[in-house]
Enquirer: 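Okay, here's the structure, questions in a sec.
Here the structure is a predicted model, which means the values were calculated and not measured. Labels below follow one simple rule: chain letters A, B, ... track the order of the sequence lines, proteins then strands, and each chain is numbered from 1. What you see below is based on every heavy atom in this structure, not just the backbone, and it leaves out hydrogens, waters and symmetry mates.
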Protein chains: 2
Amino acid sequence: MPVAELLPVIDVTACCAPLTRETIEPSNAEDLAHSLKALADPARLRLISMVASHEGAEACVCDLTEPLGLSQPTVSHHLKVLVDAGFLSRDKRGVWAYYSLVPGALDSVAHLLATV
Amino acid sequence: MPVAELLPVIDVTACCAPLTRETIEPSNAEDLAHSLKALADPARLRLISMVASHEGAEACVCDLTEPLGLSQPTVSHHLKVLVDAGFLSRDKRGVWAYYSLVPGALDSVAHLLATV
DNA sequence: CACAGACATTGACATCCGTCGATGTCTCGT
DNA sequence: ACGAGACATCGACGGATGTCAATGTCTGTG
């Protein structure tokens with residue numbers, strides 16, 4: 001497993017100043033790039049958006065597969081990427097796996113990008 | 001040339017509410033993903049950071065190649081990706097090409113990601 | 001006008017990534 | 001205990017991406 005898998009967003013954000021404040025360190029650039037890569041996919045952006053606006057602010061795979069128009073394994077794959085990156089959390093209750101937003105994760109990345 | 005090349009960040013930001021406010025439209029997700037893909041690379045993040053913190057808030061390719069540790073064609077390639085995505089602007093003066101940040105571009109993406 | 005230098009473009013290559021079908025694992029109801 | 005269903009994992013495949021060497025284009029200089 002790549003090292004980056006062990007560095008979710010919260011750790012990235014605690015490390016350094018916003019991108020344009022000072023020259024970013026190569027290792028920090030690598031971490032931030034890893035977080036952004038997790039977001040830089042249409043299906044994953046839609047998943048985050050769908051989970052956030054779903055009732056109860058959580059959703060199971062069965063809620064997401066059909067509206068997304070992708071196969072169940074593909075949806076599970078994307079969700080895993082988002083969980084590993086620290087943007088979503090997974091809560092298995094019975095047969096279902098419920099995904100919800102990790103509070104502050106998106107804001108951390110947004111803060112690193114913002115110039116003001 | 002892909003259509004997305006013609007949709008720099010400013011257009012993406014003018015289109016829709018923050019990601020978690022309401023379910024994002026597939027086409028908007030595609031546009032935002034394209035912008036994020038442009039940022040989701042360590043070399044490109046470092047380029048943005050180096051340009052922003054360079055004196056005069058602009059830098060030419062010759063300023064960037066050596067500290068980045070990549071070949072000149074590769075640096076030119078990354079800069080082109082960032083210009084096409086609307087994050088950097090290019091100003092050719094004489095033999096040199098000066099790159100600088102597009103004001104508000106990073107903030108637009110940051111605003112789309114933020115939840116607050 | 002030729003030459004040197006800064007940068008862009010091209011072509012090639014290795015790697016990464018999104019996708020799916022097939023299969024595995026676990027839980028619940030019968 | 002068995003079967004059904006929800007989800008994860010695996011293996012494979014095609015397309016996208018980062019990188020470089022080689023080459024092209026343009027600008028200023030001797």
Side-chain angles (χ1 to χ4, degrees), chain A residues 1-5 26 29-30 32-48 50-51 54 58-85 87-100, chain B residues 1-5 26 29-48 50-51 54 58-85 88-100:
Chain A
M1 183 192 306
V3 176
E5 297 272 356
E30 204 121 10
L32 179 53
H34 181 261
S35 294
L36 289 171
K37 263 186 222 291
L39 296 176
D41 181 272
R44 291 198 285 269
L45 289 175
R46 292 182 65 196
L47 282 172
I48 289 177
M50 290 162 65
V51 166
H54 199 268
E58 63 176 11
C60 63
V61 180
C62 57
D63 293 325
L64 304 167
T65 303
E66 188 269 341
L68 198 59
L70 294 173
S71 70
Q72 173 264 316
T74 301
V75 174
S76 279
H77 163 70
H78 285 311
L79 289 170
K80 177 175 168 52
V81 171
L82 290 171
V83 168
D84 288 344
F87 293 106
L88 292 184
S89 64
R90 179 176 177 271
D91 178 30
K92 180 127 189 181
R93 296 201 298 270
V95 178
W96 292 276
Y98 292 94
Y99 289 86
S100 55
Chain B
M1 181 191 306
V3 177
E5 297 271 358
E30 204 120 10
D31 293 342
L32 178 53
H34 181 261
S35 294
L36 288 171
K37 262 187 224 292
L39 295 177
D41 182 273
R44 290 198 286 269
L45 290 175
R46 292 182 65 195
L47 282 173
I48 289 178
M50 290 163 65
V51 166
H54 198 266
E58 65 176 10
C60 63
V61 180
C62 57
D63 294 324
L64 303 167
T65 303
E66 189 268 340
L68 199 58
L70 294 174
S71 70
Q72 174 265 316
T74 301
V75 173
S76 280
H77 163 71
H78 285 310
L79 289 170
K80 177 175 169 50
V81 171
L82 290 171
V83 168
D84 289 344
L88 292 184
S89 64
R90 178 176 177 272
D91 179 28
K92 180 128 190 182
R93 297 201 298 269
V95 179
W96 292 276
Y98 292 93
Y99 290 86
S100 56

Enquirer: Would you indicate what Arg90(A) reaches in the nucleic acid, counting non-hydrogen atoms under 4.0 angstrom: base, sugar-phosphate, or nothing?
Expert: sugar-phosphate
Enquirer: Dump the pairs, protein N or O against N or O of nucleotides 1-6 of chain C, anything under 3.5 Å, distances to one decimal.
Expert:
none

Enquirer: Locate the shortest heavy-atom distance separating Ser35(A) from Phe87(A); write the atom from each residue and the value.
Expert: O-CE1, 3.5 Å
Enquirer: Heavy-atom nearest nucleotide on DNA chain D for Leu79(A) versus Pro73(B): which residue maps closer to 5'?
Expert: Leu79(A)
Enquirer: Under the side chain to side chain contact (heavy atoms under 4.5 Å, CB included) criterion, do Asp41(A) and Val81(A) qualify, and how do the steps go?
Expert: CA-CA 11 Å; Asp41(A) 181 272; Val81(A) 171; over 6 Å; no
Enquirer: To the nearest 10°, let me know how far the axis at one end of the helix from dC1(C)-dG30(D) to dT30(C)-dA1(D) is tilted from the axis at the other, five pairs an end.
Expert: 10°
Enquirer: Below 4.0 Å from chain B heavy atoms, what is the first contacting nucleotide of DNA chain D and what is the last?
Expert: dT17(D) to dG28(D)
Enquirer: Show your working on side chain to side chain contact (heavy atoms under 4.5 Å, CB included) between Leu39(A) and Ile48(A) and close with a plain yes or no.
Expert: CA-CA 9 Å; Leu39(A) 296 176; Ile48(A) 289 177; 3.5 Å; yes
Enquirer: Rounding to a whole Å, what distance do you find between Leu88(B):CG and dA8(C):P?
Expert: 12 Å
Enquirer: Quick check against the 3.5 Å criterion: does Lys37(B) have a side-chain atom that pairs as donor or acceptor with the backbone of Ala40(A)?
Expert: yes
Enquirer: Produce the list of close N/O pairs, under 3.5 Å, pairing protein atoms with atoms of nucleotides 15-18 of chain C; give distances to one decimal.
Expert:
| unit_1 | atom_1 | unit_2 | atom_2 | d |
| --- | --- | --- | --- | --- |
| dG18(C) | OP1 | Arg44(A) | NH1 | 3.4 |
| dG18(C) | OP1 | Arg44(A) | NH2 | 2.7 |

Enquirer: Pick base, sugar-phosphate or nothing for Tyr98(A), based on heavy-atom distances below 4.0 Å to the nucleic acid.
Expert: nothing
Enquirer: So does Leu79(B) get a backbone contact from the side chain of Arg90(B), meaning a donor-acceptor N/O pair under 3.5 Å?
Expert: no
Enquirer: Report, one line per pair, each donor and acceptor closer than 3.5 Å where one atom sits in a side chain of residues 58-70 of chain B; sequence neighbours left out.
Expert:
| unit_1 | atom_1 | unit_2 | atom_2 | d |
| --- | --- | --- | --- | --- |
| Glu58(B) | OE2 | Arg93(B) | NH2 | 2.8 |
| Asp63(B) | OD2 | Cys60(B) | N | 3.2 |
| Thr65(B) | OG1 | Val61(B) | O | 2.9 |

Enquirer: Would you say Arg44(B)'s side chain and Leu82(B)'s backbone share a donor-acceptor pair under 3.5 angstrom?
Expert: no
Enquirer: First locate atom CG of Leu45(A), then atom CE of Met50(A), and finally report the distance between them rounded to the nearest 0.5 Å.
Expert: 12.5 Å
Enquirer: Which residues pass the side chain to side chain donor-acceptor pair (under 3.5 Å) test with Arg46(A), not counting sequence neighbours?
Expert: none
Enquirer: Set out, in order, the CA-CA distance, both residues' side-chain angles and the distance that settles side chain to side chain contact (heavy atoms under 4.5 Å, CB included) for Tyr99(A) and Leu47(A), then state yes or no.
Expert: CA-CA 10 Å; Tyr99(A) 289 86; Leu47(A) 282 172; over 6 Å; no
